[in-house]
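Keep in mind that this is a model prediction, so the values were computed, not measured.
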Amino acid sequence: MSLRFRNTLGGALEEFQPLDPANVRMYSCGPTVYAPAHIGNFRSFVFADLVRRYLAWKGYRVTWVMNITDVDDKIIRDAAAEGIAIGTLTSRYTDGFLDDMTRLRITRPDAMPRATEHIPEMATLIATLLERGHAYRTDDGSIFFRIASWPAYGTLARLDPTTQRVGERVETDEYDKDDVRDFALWKGPRDGEPSWSTPIGDGRPGWHIECSAMSMRYLGPSFDIHTGGIDLVFPHHEDEIAQSEAATGEPFVRTWLHCDHLRLGGEKMAKRTGRLLRPAEAYAQGWSPRALRYALLAAHYRAPLEFTEDSLVAATSAVERLSTVLAALDQYESDRLDDPGVAQALEAAHDAFEDALDDDLSIAPALAAVFDLVRDLNRRIGDRSLSSDDARRAAEELRDIDQVLAVMSPDDGPAREVSGLVMTLLEERVAARAARDWARSDALRDDLAALGILVEDTRDGQRWRVQEGHDGTA
RNA sequence: GGCGACGUACCCAAGUGGUUAAGGGGACGGUCUGCAAAACCGUUAUUCUCGGGUUCGAAUCCCGACGUCGCCUCCA
């Protein structure tokens, strides 16, 4: 089967066909760096990473761009409150964001453009909109997009602009718009606010224009996939489409993908309500980054996901189950001949995994296929019915699948060589067990545990794996 | 008020017309083991929010009720 996505634009399940088969172009709305991102934000970034990884796994070359919004009202407000330049504030939170991405195993995008570094591109785009009559200036030097000039406005969000509820929370009179629904492309200069001098005048960009300008800069006027949280559908992405297509006259994005909210206590996780959890806080409570990743990944992206401690308990057990079977396979040895049933099981699991994800990234059946395989492999390990090559191939298959999931290897340097001390202790313990010296054996097990090495005894002898959170280099 | 999503076991979550309702977690029982851990086996939904209807047959389709959440305003 082929890859299909549920396109927010139109709502249909559509077969994915890249505009350029040799290069899938994808853009994700990134963070506004005025505070550490919370795990609700990261749900959308982990989701985008899943799209990116799955496309690559399917054999596509992907160019992935994620913006960093480093100038906006909240950034200006918070920097002023601290008495620092906005760049000082935003570089602080940008660094933190990049660290969080790394720990959550989110692939580094090919480009992460900053808004403040693309002011000229935005000014050019706005100039075009002015020329074409889709934008107008106000007395204070601001420039607005004229929604009345763009009949398709509202298509993405399925909103009828004429019936929008306006008036309840009309923006303050700070900017003098022709129509309350018009949105700011450019904000005129003000005292105490950062300002750039451009051909369209002094001031600073509005929010939506940066994504249009930067996506076009790196991906061209038309590209394949645009991702974001469901709350960006309106007005952000609606505005992006309007201003982009009005400027270029070409279709902006082919497939829009939006993930639903992460919830806490039954409600959307959000900074404004204070109802949130940040990655660092989860780690401080003892949860591992990969368990957090798994918890964010394990539900379908278009379904709301309630985040609870139970979900982290489940995620922790699930990822440990995966790394345990991998460790067992890696250490498995047998003189047996290959069992053709193993190759069949691997192929069946691979196909089921792919079929599930092909269907609009249906992660739950994909994971079910993985865990069905894990149970089968554990059974075979217990029966010693595998050959050494069977075990090696099984581990290879799991690691291949993990190119998409990125949850199987323990955090903190799983692939690293363990120290000579650990190897010596492991050997000593084998000798102690051979001599049935249980006291010595148990003492060595404790010593190894203190070094982050979990030792288990099986019918086939001693088996070990690295404990979560230890790097095994002690 | 408009638009949208949703209600499946103790928890999370697949399944969208037809043999025994995936998978993960938790709990309990068992096997293995010097002990421990891991693993494996078994038990945990005759039933899918409720009430009607269509059908030979529905968790799956239709109507209604109740309940939850989101967007319409900054927001992943």
Identify which one of A/D70, A/T90, A/T69 satisfies the side chain to side chain donor-acceptor pair (under 3.5 Å) criterion when paired with A/T116.
A/D70
For [X], report the nucleic acid contact type (base, sugar-phosphate, nothing); a contact means any heavy atom under 4.0 Å.
X      : answer
A/G228 : sugar-phosphate
A/G266 : sugar-phosphate
A/H258 : nothing
A/V313 : sugar-phosphate
A/T458 : nothing
A/L262 : base
A/T324 : sugar-phosphate
A/R6   : nothing

Which nucleotide, [options], lies nearest any side-chain atom of [X]?
X      : options             : answer
A/F234 : B/C74, B/G34, B/C71 : B/C71
A/N378 : B/C40, B/A76, B/A38 : B/C40
A/R272 : B/G26, B/G34, B/C74 : B/C74
A/A299 : B/A76, B/A5, B/A13  : B/A13
A/K74  : B/C74, B/A76, B/A37 : B/C74
A/P235 : B/U68, B/G34, B/U73 : B/U73
A/R158 : B/A13, B/C72, B/G4  : B/G4
A/P304 : B/A5, B/C71, B/C35  : B/A5

For B/G70, does the base pair up with any side-chain atom of A/D231 as donor and acceptor (N or O, under 3.5 Å, distance only)?
no
Look at the side chain of A/R302 and the base of B/G4, then say whether one donor and one acceptor between them are separated by less than 3.5 Å.
no
Dot-bracket encoding per residue of RNA chain B, Watson-Crick/G-U cut-off under 3.5 Å, | denoting interstrand:
((((((((.[[[..)..(....]]]((((((.......))))))....[[[[[..)....]]]]])))))))....
Euclidean distance for [atom1], [N] against [M] (whole angstrom):
N     : M     : atom1 : result
B/C48 : B/A58 : P     : 11 Å
B/U49 : B/A76 : P     : 34 Å
B/U68 : B/C63 : P     : 22 Å
B/G53 : B/U60 : P     : 14 Å
B/C28 : B/A21 : C1'   : 23 Å
B/G64 : B/A22 : C1'   : 32 Å
B/U44 : B/A9  : P     : 16 Å
B/C61 : B/U16 : P     : 10 Å

How about [X] and [Y]: do any of their side-chain heavy atoms sit closer than 4.5 Å?
X      : Y      : value
A/L159 : A/E238 : no
A/T32  : A/K74  : no
A/L367 : A/Y294 : yes
A/I241 : A/H226 : no

Nearest-angstrom distance from the residue atom [atom1] of [X] to [atom2] of [N]:
X      : N     : atom1 : atom2 : result
A/F307 : B/C12 : CZ    : P     : 14 Å
A/L297 : B/C12 : CG    : C1'   : 14 Å
A/L373 : B/C40 : CG    : P     : 12 Å
A/D442 : B/A37 : CG    : P     : 12 Å
A/I363 : B/G15 : CD1   : C1'   : 17 Å
A/D457 : B/A39 : CG    : P     : 15 Å
A/L322 : B/A39 : CG    : C1'   : 14 Å
A/M269 : B/C74 : CE    : P     : 22 Å

Taking A/E320's backbone N and O only, do any of them form a donor-acceptor pair with A/T324's side chain (distance below 3.5 Å, no angle check)?
yes
Is the backbone N or O of A/P113 less than 3.5 Å from a side-chain atom of A/N67, with the two atoms forming a donor-acceptor pair by type?
no
Compare every heavy atom of [Y] with every heavy atom of [X], then report the nearest pair and how far apart it is.
X      : Y      : value
A/I401 : A/M408 : CG2-CE, 4.1 Å
A/L346 : A/E397 : CD2-CB, 4.1 Å
A/H38  : A/K271 : CD2-CG, 3.8 Å

A/W57/A/H350 under ring pair (Phe, Tyr, Trp, His ring centres under 6.0 Å): CA gap, chis, key distance, verdict
CA-CA 12 Å; A/W57 192 77; A/H350 185 99; 4.9 Å; yes
Shorter than 3.5 Å, N or O on both sides, protein versus nucleotides 20-24 of chain B: list them out with atom names.
from  : atom 1 : to     : atom 2 : distance (Å)
B/G24 : OP1    : A/R375 : NH2    : 3.4

Are A/R181 and A/F144 in a cation-pi setup, meaning NZ or CZ lies under 6.0 angstrom from the ring centre and within 45 degrees of the ring axis?
no
5'-most contact on RNA chain B (nearest-nucleotide basis), A/R433 vs A/A303, goes to A/A303
When you match A/H300 and A/R465 each to their closest nucleotide on RNA chain B, which lands nearer the 5' end?
A/H300
So, is A/K268 close to the B/A76 phosphate, meaning a side-chain N or O under 4.0 Å from OP1 or OP2?
no
Residue-phosphate contact under 4.0 Å: A/R379 side-chain N/O, B/C41 OP1/OP2
yes
For residues 393-406 of chain A, which residues have at least one heavy atom under 4.0 Å from RNA chain B?
none
For the residue pair A/Y153 and A/F183, categorise the inter-ring angle as parallel (less than 30°), tilted (30 to 60°) or perpendicular (more than 60°).
parallel
When you check the gap from the basic side-chain N to the acidic O, do A/R105 and A/D411 get nearer than 4.0 Å?
yes
Do NZ/NE/NH1/NH2 and the carboxylate oxygens of A/D231 and A/K268 come within less than 4.0 Å?
yes
Go through the steps for A/D376 and A/R380 under the test salt bridge (Lys or Arg N to Asp or Glu O under 4.0 Å), then give the verdict.
CA-CA 6 Å; A/D376 185 40; A/R380 292 172 189 274; 3.1 Å; yes
